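One structure is given below, encoded as structure tokens.
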Amino acid sequence: MTAFDELVSMTGGDREAARKLLDGLRHLAGRAADPQLRRFAADVLAGRVTLREAARSEAYDAVLSPHFAGLTRWRDEIRKLG
């Protein structure tokens, strides 16, 4: 399974949200100020770890949780409009 396929699954089949997440991971891998965050994004993109696995780890939980919460709220709002 590719990183994009995993993101599609995690977003409930929302390919646009998955693309945005993928773009965000690419941005983080190349430009995040936090080296741990850069490594995390690079590992997910390379398929060394899934986003779900990384999200369950204590090391990444504090960094990722606010972003996932924001994505979930955004997705719910978009679905209300459609």
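Worth saying up front: this structure is predicted, and the values here are computed from it rather than measured.
Screening residues 36-45 for salt bridge (Lys or Arg N to Asp or Glu O under 4.0 Å) gives Asp43-Arg48 as the qualifying pairs, with residues at least two apart or on separate chains. Applying the ring-ring contact (aromatic ring centres under 6.0 Å, His included) test to residues at least two apart or on different chains, the pairs with a partner in residues 29-54 are Phe40-Tyr60. Legend: salt bridge (Lys or Arg N to Asp or Glu O under 4.0 Å) pairs involving residues 62-75, not counting sequence neighbours: none detected. Residue pairs meeting the salt bridge (Lys or Arg N to Asp or Glu O under 4.0 Å) criterion with at least one partner in residues 4-14, sequence neighbours excluded, do not occur; the list is empty.
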Below 3.5 Å, can you tabulate the donor-acceptor pairs from side chains in residues 20-31 to any protein atom, sequence neighbours excluded?
unit_1, atom_1, unit_2, atom_2, d
His27, ND1, Arg31, NH1, 2.6

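Between the side chain of Glu53 and the backbone N or O of Thr50, at least one donor-acceptor pair lies under 3.5 Å.
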